[in-house]
Amino acid sequence: MNQDYIKPDNWSIIEEGFDTEKVKSSESLFSLGNGAMGQRANFEEAYSGETFQGSYIAGIYYPDKTKVGWWKNGYPKYFAKVLNAPNWIGINIEINEENLDLNACDEVRNFRRELNMKEGWYNRSFEAVLKNGTEIAVNVRRFLSLDLDEAGIIKYDITPLNKDAKIVYKPYIDAGVTNEDANWDEKFWKPLEVKKSNSEAFVTAKTFKTHFKVTTFMHNTILANGENVNISPSAIDSTIDKVQFTYGTIIAKGQTSSIQKIGGYTVSLNHENTLAAAEKVIKTAVGLGYDTLLQNQIDAWAKIWEMSDITIEGDVKAQQGIRFNIFQLNQTYSGKDSRLNIGPKGFTGEKYGGSTYWDTEAYCIPFYMATKDQEVARNLLTYRYNQLDKAIENAKDNLGFKNGAALYPMVTMNGEECHNEWEITHEEIHRNGAIAFAIYNYYRYTGDYSYIPEKGLEVLIGIARFWHQRASFSKEKNQYVILGVTGPNEYENNINNNFYTNYIAKWCIDYAEEQIKKVASEYPQDHKRIVEKVNLSAAEIQEWKKVADDIYFPTSEELGVYLQQDGFLDKELIRVKDLDRSQRPINQKWSWDRVLRSPYIKQADVLQCFYFFEDHFSREELKRNFEFYESFTVHESSLSPCVHSIQAAVLDKMDMAYTFYLRTSRLDLDDYNKEVEEGCHITSMAGTWMSIVEGFGGMRVKNDQLHFSPKIPKEWKGYSFKINFRHQILKVTVSHTETTFMVDGDQDLTIIVNGKSVIANKQLAKIN
């Protein structure tokens, strides 16, 4: 049974009623971020119940030593972790000499949380009866500024309901934090300096090993009925890593006492003097004031939604789902900094270390290309180019490869491999292909070829060299094979000839050769520079081509499908529909041995190949492979339902496409995989966007033109989306009777709709 406590709403995530069993899940779902930092929806006041404290800073990580019972050569020495950053939100509160703690109150009523996605703020309100008999009403609003992205703002209102109240606020900042997910229970932060005054405080600390320096800051204002009472703290307590102020106030029954707290982080990634930078942030924020900061937040989100919103008519849960996904993607990555990337949990949790996976190239880049300026997607590609030397080092030192062969890490923060499972780290090599595909996809969509001669070709050459050396020649098959891999389906390890891996290896070599020729012809100076830099010869390229031209693909002639890997048909092929529901999810119910021997597929594998290379296969081939593999797929990866939704739409299986869309869009809201308390699945959220735009909208780019084949689920009255295609904004609106296209601007855009050419401009173009 999936969770269903989130109230359906077009623009907000809403929880009503206080349930201690849901606190950790809600801490994930109501998380905030602004691209530079993020914050789980932890309570500001003390809470003695179960909670998962989490504050995170983009780009700040720690190399947690790998913990395994035994070691293999080439094993990553550490697992990079996004760090639980110093706590800036904390406000301990005493009311009539009793601590406010929702887990200890006699009664909590009218509890409500709201994450307003349209305006970018989180609100929590409740009434509580304390053990001393005092009844209070509380309203707390929090947001992380998009404009002033090193600052977060809290406004905490308390109204005594049945008697006058002495309220003591104890706001604090604390660098003495630990990670929920840590191997050795070690400290990650070394305190350096504490500075404090009447209204503001600073704690500067640095990470052990990586030596990132961070100043955590706060500024406090006490108000009565909205007016600043200009009081100083009655006490200032500090240690080497924590500062806490004490403000005492008395407020009459029915009146409202408030604290406004500005807090956040300045980091050495961006500032030489983090303390001076923090003082400047406070000065700017205080100068603007709470109301202006909030209005600026609303305006900034309005600008984001103007381009990235998807509207759905007639299905509130579907609408809420897609907006939640788009909201979280925009909270996680802004595209301003090519040193940053997108972690699978974003700023909502610590699982997967907060690092970069192939999810970025396979799933996220299309979203950012279409909803932002193309420079954002280019920055994501630049991130990989800047780490090419590390990828070459990884292939050389860990796998014994040579001559500049590059294996990009499965998981990384700085270009080094930092994943701690052997069968993933050294076998799930298909991630190399996703990185090459992203270069192709960027050029296909934006038309900006300049990235390839400037940077991308070096990446393509390193990847082609890797595939050439990773393949081996089988005398028995008289073809090249790739042995000992893990495909996208991680419920199979150390297999031979994974179809997707072999196919993308061939494609990478062919594409690299094609781009070498194009750059030689059109950018001869860049070609000369690159060839000399990487010591590339025509003879070497011919050796690559031998592999690409004669690589083996496992196939079943009888079933008319490509086999996921050698021996797949040797399994006991019991379909998912015949599997007892009590056994799901199998990754939580079965031993790993049983999972590996089963035919069950975690996520799209062969079908991932059909998604990337749709034009390489016929519709009939897609139909046969989809129907075969879908019947064995358990979708226990967040990356799976979106691909199946897109392909179901292609095949006119609209009921199935809608079901998969709803699953991917509400994966976290409904907690399909029973793990949302660990954080939300940020990177797969881009796949939700693709399910609508590429699935139902049928958007493709072919021969430098946009193609559409629009379809609509029967559950919807209509839907619309915008895309930024080569600096032209196109709005697409689909209903059951017609599809309309409109360009924002004076320039015409020729598109192909259901195989026919259509001129789109600022006048509505209707297709019945």
Side-chain angles (χ1 to χ4, degrees), residues 15-18 20 23 41-49 51 87-114 121-143 153-173 196-201 218-237 243-263 286 289-291 294:
E15 173 188 7
E16 294 177 346
F18 182 60
T20 58
V23 166
N42 308 124
F43 299 157
E44 290 83 1
E45 74 277 3
Y47 181 67
S48 58
T51 180
N87 183 337
W88 70 267
I89 69 167
I91 309 172
N92 290 325
I93 296 171
E94 295 176 9
I95 299 170
N96 289 335
E97 300 184 346
E98 182 179 329
N99 292 330
L100 175 58
D101 176 353
L102 290 187
N103 197 50
C105 290
D106 280 349
E107 183 181 0
V108 178
R109 57 183 184 243
N110 298 324
F111 182 92
R112 187 179 190 272
R113 299 188 203 235
E114 178 182 359
W121 48 259
Y122 161 58
N123 207 88
R124 179 171 57 102
S125 59
F126 59 88
E127 295 174 3
V129 181
L130 279 65
K131 292 191 181 302
N132 63 16
T134 307
E135 297 183 21
I136 58 171
V138 172
N139 190 83
V140 192
R141 180 160 296 186
R142 183 196 304 171
F143 59 96
I153 297 91
I154 298 167
K155 185 172 184 289
Y156 199 115
D157 301 333
I158 303 175
T159 305
L161 299 176
N162 66 336
K163 62 176 74 173
D164 297 349
K166 178 183 178 183
I167 300 176
V168 178
Y169 297 104
K170 296 183 177 181
Y172 63 88
I173 49 177
K196 51 194 181 294
S197 66
N198 277 347
S199 61
E200 56 194 43
M218 69 172 172
H219 177 281
N220 306 296
T221 305
I222 308 299
L223 305 96
N225 297 314
E227 297 295 326
N228 187 345
V229 296
N230 294 308
I231 63 171
S232 297
S234 58
I236 301 177
D237 301 307
V243 180
Q244 178 174 276
F245 290 169
T246 299
Y247 298 92
T249 65
I250 296 176
I251 195 79
K253 170 184 151 183
Q255 303 295 299
T256 299
S257 173
S258 308
I259 180 171
Q260 289 180 6
K261 182 177 184 182
I262 297 167
V286 171
Y290 176 84
D291 291 338
L294 179 58

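Quick note: residue numbers are just sequence positions, from 1. These numbers were taken from a predicted model, which means no experiment stands behind them.
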What do the steps show when you test N110 against E16 for side chain to side chain contact (heavy atoms under 4.5 Å, CB included), and what is the final call? CA-CA 7 Å; N110 298 324; E16 294 177 346; over 6 Å; no
Given side chains that start at C-beta, do those of [X] and [Y] come closer than 4.5 Å, heavy atoms only?
X    : Y    : answer
T249 : I222 : yes
V229 : Y247 : no
I158 : I251 : no
F143 : N123 : no
E114 : Y122 : no
L100 : C105 : yes
V140 : K155 : no
N42  : I89  : yes

- May I have the step-by-step check of side chain to side chain contact (heavy atoms under 4.5 Å, CB included) for L223 and Q260, ending in yes or no? CA-CA 8 Å; L223 305 96; Q260 289 180 6; 3.6 Å; yes
Can you name the closest pair of heavy atoms from [X] and [Y] and give their distance?
X    : Y    : result
A165 : N96  : CA-OD1, 3.4 Å
N220 : P171 : OD1-CB, 3.4 Å
F245 : P233 : CB-CB, 4.1 Å
D157 : S258 : OD1-OG, 2.6 Å
I93  : I95  : CG2-CG1, 3.9 Å
N92  : Q244 : ND2-OE1, 3.4 Å

Item to complete: May I have the step-by-step check of side chain to side chain contact (heavy atoms under 4.5 Å, CB included) for I173 and N87, ending in yes or no?
Response: CA-CA 5 Å; I173 49 177; N87 183 337; over 6 Å; no
N/O donor-acceptor pair under 3.5 Å between [X] side chain and [Y] backbone:
X    : Y    : answer
N162 : T134 : no
R142 : R124 : no
N228 : N230 : yes

List the residues meeting ring pair (Phe, Tyr, Trp, His ring centres under 6.0 Å) with F111, not counting sequence neighbours, and say none if there are none.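 Testing F111 for ring pair (Phe, Tyr, Trp, His ring centres under 6.0 Å), a comparison that skips the adjacent residues, returns F18.
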Sequence neighbours excluded, which residues qualify as side chain to side chain contact (heavy atoms under 4.5 Å, CB included) partners of [X]?
X    : result
V286 : H219, I262, I282
K253 : D164
A137 : E127, T159, L161

- prompt: For D237, what residues pass the side chain to side chain donor-acceptor pair (under 3.5 Å) criterion, not counting sequence neighbours?
  reply: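 None.
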Under 4.0 Å between a side-chain nitrogen and a carboxylate oxygen: does that hold for E98 and K131?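 A salt bridge is absent here (no side-chain N lies under 4.0 Å from a carboxylate O).
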TODO: Go through the structure and list residues passing salt bridge (charged side-chain N to carboxylate O under 4.0 Å, His left out) with K166, not counting sequence neighbours.
DONE: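 Partners of K166 under the salt bridge (charged side-chain N to carboxylate O under 4.0 Å, His left out) test: none.
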| Can a donor-acceptor pair be found between the side chains of S257 and Y169 at a distance below 3.5 Å? |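 Y169 and S257 do have a side-chain donor-acceptor pair below 3.5 Å.
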Is it true that atom CD of E227 has more than 12 heavy atoms of other residues, nucleotides or ligands lying nearer than 6.0 Å?
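Not more than 12 within 6.0 Å, no.
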Decide whether a cation-pi geometry holds between K261 and Y172; the criteria are a distance under 6.0 Å from NZ or CZ to the six-membered ring centre and an angle within 45° of the ring axis.
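Flagged: K261 positioned over aromatic ring of Y172.
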Practice problem: List the steps and the verdict of side chain to side chain contact (heavy atoms under 4.5 Å, CB included) for N103 and T20. | Solution: CA-CA 8 Å; N103 197 50; T20 58; 3.8 Å; yes
Going from [atom1] on [X] to [atom2] on [Y], what distance comes out if it is rounded to the nearest 0.5 angstrom?
X    : Y    : atom1 : atom2 : value
N139 : F126 : CG    : CZ    : 9.5 Å
L130 : D101 : CG    : CG    : 9.5 Å
E200 : T221 : CD    : OG1   : 10.0 Å

**N225 and Q255: CA distance, side-chain angles, deciding distance, side chain to side chain donor-acceptor pair (under 3.5 Å) verdict** = CA-CA 6 Å; N225 297 314; Q255 303 295 299; 2.6 Å; yes
(message) Just to verify, which of E44, R141, E45 counts as forming a side chain to side chain donor-acceptor pair (under 3.5 Å) with Y156?
(response)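 So, applying the side chain to side chain donor-acceptor pair (under 3.5 Å) to Y156 and each of E44, R141, E45, only E45 qualifies.
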